[in-house]
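Here's the structure, in structure tokens; my notes come after.
Remember, it's a predicted structure, so these values are computed and weren't measured experimentally. Order of the sequence lines fixes the chain letters, A, B, ..., with proteins taken first and strands second; residue numbering starts at 1 for each chain. Computation of the quantities below employed the complete heavy-atom set of this structure, encompassing side-chain atoms and omitting hydrogens, waters and symmetry-equivalent molecules.
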Amino acid sequence: MISTLLRSEAMPQAIPRNSEIILELKQVSYRYPSGKVALEPLDLCIHRGEFLCVVGPSGSGKSTLLSLLAGFLKYQSGELLLSGQRLTHPNMGQTLVQQEHALFPWRTVLGNIEFGLEFVWGKKRLNKTERKNKALEVLRLVGLEEFAQRRVHELSGGQRQRVSIARALALDPELLLLDEPFSALDVSTRNKLGEELLELWRKTGKTILFVTHNLDEALHLGQQILALKEGKVALEGPTEQFTLQDLQAMLE
Amino acid sequence: MQQTIGSERQVKKPIALWVWNLVGLFVFLGLWFVATDVLKLYKPYVIPPILGEQGILIEFTDNPAMWKSIPQSIMRIAIGYGTAVVLGSIVGIILSISTGLRGIVGGWLTAIQSVPSIAFVPLAILWFGLNEKAVYFVVILEGFIPVALAISSSLANVSPSLRIAGRTLGAKGLGLYLKVLFPASLPNLTTALRTSWSFAWRALIGGELLTSNQGIGQLLETGRNTSNSALVIATIFVIGTLGIVMDSVMRSWETTIRRNYGLEVNA
């Protein structure tokens with residue numbers, strides 16, 4: 001009930017269909033070394049600025065899809081293009097936020113956000129001050145600037161995930177990948193962070209791929225939905241076309 | 001109400017452990033003084049008094065060999081332990097790459113580690129002679145193993161989520177090692193460095209005792225040869241003090257790191 005209410009408010013303006021394609025999958029598939037198929041050949045297009053939610057039960061292939069997109073798994077057939085370039089390994093163009101916060105405990109909050117920037121070389125290389133300023137700017141986006149010098153263990157679960165998102169955003173990726181980022185949080189924190197993520201999306205215009213097994217969350221956050229089942233697409237389309245019942249029926 | 005309890009606690013600060021340690025030391029020395037210097041219950045060459053011609057204190061005030069030996073040994077442990085740490089790190093990194101290698105070599109290292117260091121001294125003397133090389137051999141042998149084992153296992157066991165986080169943010173190769181894998185292993189490593197230190201220190205004393213290099217270990221041998229139990233006891237005191245000082249420095253470093261990492265701090 002609440003989620004439908006919020007959803008109407010949160011529904012973003014539709015992204016024009018002719019906007020640039022950021023991510024393109026052509027017949028991409030993946031098989032485990034055992035030979036079991038994790039992901040059947042999949043076609044998928046994500047346009048710049050889209051917010052796509054990928055849902056599905058465990059074993060549906062959604063984690064496999066995410067690992068392929070993050071560059072941690074190598075697809076065995078088809079083609080995967082990010083901004084027109086073949087995606088073959090982890091890259092700053094697509095950054096991943098994991099389920100568990102995975103922040104570096106030996107760095108401060110700010111230091112964590114600066115981490116990725118230290119690996120930017122060449123023309124885009126930032127010096128120490130620039131890195132710090134950039135990190136502060138991103139930290140401000142998630143509303144944690146006063147926590148800049150804190151240690152990771154001093155933060156709450158929700159704050160840690162905010163920092164994780166900020167850390168991934170600091171590199172200004174083409175595609176932000178989120179792997180059930182709020183699933184370890186309590187319901188009210190989860191809802192709050194969901195709202196903040198939408199806000200962040202509107203502010204930054206980032207292309208977001210959000211994996212979750214929580215259908216409510218997917219319907220609430222996503223602009224597009226991709227439902228996977230046993231490695232195949234079960235449902236795909238703009239969120240407003242589907243109700244919770246549709247998704248539940250399809251995934252049962 | 002809670003604040004009152006808190007502030008009361010601040011006023012009545014519990015006496016620190018080190019104060020009690022100090023009290024214990026003085027009580028012990030006091031009893032010793034009474035038994036030997038005052039009551040003269042034992043012959044001086046069995047249990048020496050604290051003061052006087054045959055006392056322990058004179059070994060510090062009037063024995064040049066003591067003050068020559070201490071820096072010699074410190075020098076040796078610095079070089080030996082330093083080398084052991086570097087060597088241990090290299091071996092540890094190599095072992096961290098393959099589980100098979102860790103199984104084969106790691107097993108041998110654990111086996112060697114279980115042999116008391118002094119058991120290797122005769123072999124070292126046969127190989128290198130009665131000289132410093134033999135001492136370095138046992139110190140390095142004993143010191144590098146805990147470091148190698150700790151580095152290999154902690155590098156191999158860095159949480160996959162930290163590794164993934166590092167890689168997704170652009171770290172790879174050496175950068176991944178320096179900025180993710182090593183820092184993630186650091187808490188385990190500090191413990192290993194402390195263990196390694198105490199192994200190396202024991203090995204040094206054993207090595208010096210059985211070879212003929214000037215050093216703290218050799219003072220024990222001199223003391224035995226000259227029936228000078230005061231020198232032997234004074235030397236034991238030096239060995240213990242240096243060991244404890246180094247151990248507490250490293251322990252406080254370890255505690256700081258564990259606290260920063262948000263890990264449990266061992267008391």
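- Side-chain N/O atoms of N112(A) and R107(A) include no donor and acceptor closer than 3.5 Å.
- Relative ring orientation between F51(A) and F210(A) is described as tilted, the plane-to-plane angle lying within the 30° to 60° band.
- Neither the backbone nor the side chain of E100(A) comes within contact range of chain B, judged by heavy atoms closer than 4.5 Å.
- The closest side-chain donor-acceptor pair between H47(A) and E20(A), if any, does not fall under 3.5 angstrom.
- Among H153(A), E118(A), Q94(A), E154(A), the residue with the largest count of heavy-atom pairs under 4.5 Å with chain B is H153(A).
- In this structure, a donor-acceptor pair under 3.5 Å is present between the side chains of S183(A) and Q99(A).
- Looking at L177(A), neither its backbone nor its side chain comes within 4.5 Å of chain B, counting heavy atoms on both sides.
- Neither the backbone nor the side chain of L263(B) comes within contact range of chain A; no heavy atoms are under 4.5 Å apart.
- Taking the centre and axis of the six-membered ring of F119(A), the NZ or CZ atom of K172(B) falls outside the cone set by 45° and 6.0 Å.
- Of the atoms belonging to L171(A), it is side-chain heavy atoms, and not backbone ones, that fall under 4.5 Å from chain B.
- Most heavy-atom pairs under 4.5 Å with chain A: of the set P160(B), G175(B), G166(B), A171(B), this distinction falls to A171(B).
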